Structures are given as C-alpha cells and as structure tokens.
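Order of the sequence lines fixes the chain letters, A, B, ..., with proteins taken first and strands second; residue numbering starts at 1 for each chain. The model shown is predicted, which means the values in this text are computed figures rather than measured ones.
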Protein chains: 4
Amino acid sequence: MFITIDEKDRRPIYLQVVDEIKTLIARGELREGTQLPPVRQVAANLGVNLNTIATAYRELQEEGLISIKHGAGAVVTRSRANTINSDDELRRPLRGALTQFVLAGLSSKEILEIVAEELKQLVKGAN
Amino acid sequence: MFITIDEKDRRPIYLQVVDEIKTLIARGELREGTQLPPVRQVAANLGVNLNTIATAYRELQEEGLISIKHGAGAVVTRSRANTINSDDELRRPLRGALTQFVLAGLSSKEILEIVAEELKQLVKGAN
Amino acid sequence: MFITIDEKDRRPIYLQVVDEIKTLIARGELREGTQLPPVRQVAANLGVNLNTIATAYRELQEEGLISIKHGAGAVVTRSRANTINSDDELRRPLRGALTQFVLAGLSSKEILEIVAEELKQLVKGAN
Amino acid sequence: MFITIDEKDRRPIYLQVVDEIKTLIARGELREGTQLPPVRQVAANLGVNLNTIATAYRELQEEGLISIKHGAGAVVTRSRANTINSDDELRRPLRGALTQFVLAGLSSKEILEIVAEELKQLVKGAN
DNA sequence: GTGGTCTAGACCACG
DNA sequence: GTGGTCTAGACCACC
C-alpha cells in the first residue's frame, strides 16, 4: 500500500494520510475486509510520529470507513458508501475546486475534460 | 457584495472568506478594478474579528487577485488567468472532492452531471 | 448459556463478556455452583481469541464471582452479595448512565420509569 | 468550574473530564452559551498535559455538546439535547450499572431509591 | 505484537 | 492568548 506525504502541502499530515487512504478505498485498491498496515509500520515508512498515523486511523474510523480493533489492527469496512453527508457537504469542496480552475482561466469545456480524466483515474480498476 | 460564513464549516473563517471572494471573482460579479469593501465593514457585517478579514485580504493579495493600498482600500486586479497555481495544486482539491462523491456511491456519469451543473452555475453571467 | 458481543460497542470484548456473565448471575440464570463453559468453547462460539475469554474469567475471579480451578474449569461461587465494591465505585457508572438520559432531554419521571422497567427485566426469574 | 480527576479510576483521564463536563451540563451548571475555560488553564489546574484536555474538548465537540472555535475558545452549545443516541445505546450502560447493584445484593426497592436520589442530585437546580 | 493513552515541550494557525 | 498539530518516547490494555 503506497502512501506519500507532501512537505509542501499545507494540510496537516494526518489529514493527508486520511485523504490518501480514502482515495485508495474509492479506487477499490483497498477493499472491504482488507487489513490496514499497523500504525507503527506506516509511521516508520513515512518517517512521522506514531500518533500522527493513529490520529488518521481514528478519523477514518469515525467516518465509518475502517474498523479499529484494539490489539487486532484496523480493517476496511466499506468500499463504497451510502451513509454519508448531506448533499451540500459534498458539493461545497467541489465548488471550491472548480472555482480555482475558472480563476485560472480555463473554459468550462477544458475543466470538464480534466474532471473526466481525474474521475477515470479514480475509478480505474474499481468494481 | 454578499459574503456568508458557515458555523458548521470546519475550515477557518478567513479561508471561507477567501473562497467566497474567489468565487465572486470567478463568476464575474467582482470585476477588475472593483473596489472591495473596507476590512472593518466586512468584519462588522459578519460579526467576526477585524484581523480575520485582514488575513483573508492579505491571502488574496498574495495570490495576486487583489491589490491592497495603504489607506486606499483593496481593488480587484484580475478577473481570470492565474499565475502561481501549479497543475497539481489545482488538481489535488478536485481529486479530494471527486473522491467523496465516489465514496458516496455515485457513478461517474452522475458525478459528471453534478460537476456540469455546478460549473454552469459558476460561470453564469461571467464574461 | 447465551453470550453475544457487539461489534459496535466500543468497550473491549473481554469487558463485554464480563458484563454479560455478571448479568446472567444477577438475573439468577447462573446460580452458585453452576459450571461455566470452558474458555476454549466460549472463544470458539464467539469467534474471538482464547486469551480474551481467559481475561474475562480472570476478571470475574478477581471480583469473587467465580472460582477457576486449574484443569477443572470455572464455577459460579456467588449469586448475590458483593464484597469489594465501594459505594462510590457502584454509583459512578450509574451517575454516568443517568447523565446521558438527562442530556437526552428526558424528565426525571420518564427516566425513573425506564429504570424500573430495566430493573424488572433484570431480576425477572431471579431467586 | 470544578473538575476533579480520580487517580484510582481506571478510565482514561480525558474520559473522566468528558464525563465531568457532561454532568455539569446535565445539571445545568454549564448553560448554553457559557464559555469553557481555556485548555491550558484546565490542564494546569488538574496537573495534566494540555493534550489530554484538548482530547476531552474534541470529544465533547464531536458529541455536539460544545463548539470549539480556533483561537476563540470553546462554548457550550447545548444544555439539554435531543439529537442523541439510539435508545439501546442509552440503555446498555444503565443496565450494566443496575446489574452491579443487583449483584451487590440490594433489593429493587433499595436500588430505585438510590437512583431517585442520584437523579435528584443530578437535576438539582436545573431548569 | 497490536492499538490506546499520556507526557513535555515545540511550533504554527487563528481571532 | 486561543486552539491545532506534531514529536519522541514511555507505559498500559488488548488479542
């Protein structure tokens, strides 16, 4: 399982890890029932503190994506969900992201092509 | 100029303000040369600290979207076309937003429709 | 003897087992002198680690509710009347439970009715 | 605002703090809109680490009882709630607490008296 | 061996 | 001055 963190990214590391794992689940690379690597192992791989990864795992558990069992590791509990958020909670970040592209001067057509491309990348090889 | 902040939104207030103004610029509601309202006025309207709005304006200036002149207020300096955003800096938030939709169980087709809809909303009435 | 564990329950499994057995004793379904099923059998039934059940039994022994004899299994040694629990140790969890009901907006009268109901359920068929 | 932690209590400190504050809210001693003391101040008072209290506050926020604003402290957002848990999530701890009393040999009548007493203590002076 | 909690202390972000 | 994040490392609880 490949996770990378970006020094230049201003988001906290634990959130980067959360998002990376979310993406892996969304892409189907981490399926329901898959065991996640131990907190300590991920921390060592990324060269960050144990607690940072523990925080990320906890967040994923709170969102219902994984299940952590004390002493028995963490397991993916959902590959594609249905319990989530209000529509608006989903759309706000999308609107923000699209705004950036508009500001960059891209046309709607160009933006839609980029979205399609990213989306294809995201669901590649998924069920 | 209507700006609103969302209590439930976990992002810092100043970033919410930044994004709202960006959206207004992207939509063409704030055009090049337009004077932004004084920091104090915006702060009073939203009921937030003066520094919060000042930080937002500073951020917008650093991104090159507005120009702040001491004693003369802030002016929009660009309506479109960005300079700094690397391709990846632009795409990362998009990827994050799309991931949430995929996790929510929506099909690529459905997601693209939502994106098209949001995009239409965003450029409506723009130049 | 029916024991179940709840995946969603955040308490450790061994404590869930302890509490279930305590309830069975309190309800009189497990009487003094009754042989408890072997650790291995319970573990197999619940699909959990052997040590988890062993820990539960050990805890029950420390509280004086059962007696574990090497090679001879575990036996219930008491149906009622405790020794260790200080008054405060007993009341703290009660207070916590009641707090939740108050926070949920229930009136004292409603809460007392629920308590009476649960209590009736608990001692039903006991000696 | 008086909070105390109990060395002998086996629950983690941050949970003790959470429960104490919940009780204060349930009793009406902390009302909606009340500002909570700064994390650092509580930590200093109790002689524990800053992070321990921060974790407690975060937990309270996740349960919707308080609202934390970065740089602006924490505020109680609910005095008596209605959004909470499933009925079973509420009753399970109650059942556990009552079981202990039954095991201690108390009669239903005695237990009900204790519950009434605790409840009276809990809502004393509340609206 | 796994995750959970806590500490002491640093540095950053926010209002 | 407020809370947020992170580190390094200890010790405990659980399976």
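Counting heavy-atom neighbours within 6.0 Å of D/R11 CZ, excluding the residue itself, gives a total above 12.
Between D/I53 atom CD1 and E/dC6 atom P the separation is 9 Å, expressed in whole Å. Summarising the geometry, the separation between CG on A/L50 and P on E/dG3 is reported as 9 Å, rounded to the nearest angstrom. Remark: P of E/dT5 and CD of D/Q16 are 13 Å apart, rounded to the nearest angstrom. As rounded to whole Å, 18 Å separates atom P of F/dC12 from atom CG of C/L15. F/dC15 atom P lies 13 Å from atom CD of C/E59, rounded to whole Å. Counting to the nearest Å, the P atom of E/dC12 and the CD atom of A/E7 are 14 Å from each other. Atoms CG (D/L60) and C1' (F/dG3) sit 15 Å apart, rounded to a whole Å. For the pair C/L46 CG and F/dC15 P, the interatomic distance rounds to 12 Å; values are reported in whole Å.
C/R95 contributes atom CZ, which lies 10.5 Å from atom CG of C/L90 (distance to the nearest 0.5 angstrom).
Distances from the side chain of A/H70 to the nucleotides F/dA13, F/dG3, E/dG15 place F/dA13 closest. Relative to the side chain of A/P12, the nucleotides E/dA8, E/dC6, F/dT5 differ in distance, and F/dT5 lies closest. Across F/dC15, F/dT5, E/dG15, the shortest atom-to-atom separation from the side chain of D/A72 is found for E/dG15. Nearest to the side-chain atoms of D/N51 among the listed nucleotides F/dA8, E/dT2, E/dG9 stands E/dG9.
Ranked by how close their nearest DNA chain F nucleotide is to the 5' end, A/G47 and D/R40 are led by D/R40. Where D/N49 and A/A54 meet DNA chain E, the nucleotide closest to each residue was compared, and A/A54 sits on the side nearer the 5' end.
Under 4.0 Å is where a charged nitrogen must lie from a carboxylate oxygen, and between A/D19 and B/R92 no such pair does.
Residue-level contact check: C/I13 touches the backbone only, with heavy atoms under 4.0 Å from sugar-phosphate atoms and none from bases. Within the nucleic acid shown, A/Y57 has no heavy atom closer than 4.0 Å to any nucleic acid atom. Looking at heavy-atom distances under 4.0 Å, B/V48 makes no contact with the nucleic acid at all.
F/dA10: Watson-Crick or G-U partner is E/dT5, with both key distances under 3.5 Å.
Residue D/T55 has no polar side-chain atom (N or O) positioned under 4.0 Å from OP1 or OP2 of E/dC6. Residue A/Y14 places at least one side-chain N or O closer than 4.0 Å to OP1 or OP2 of F/dT5.
Side-chain contact, D/E20 with D/T4: a donor N or O sits under 3.5 Å from an acceptor N or O.
A donor-acceptor pair is defined here as one N or O able to donate and one able to accept, closer than 3.5 Å; no such pair exists between the side chain of D/E59 and the backbone of D/L15.
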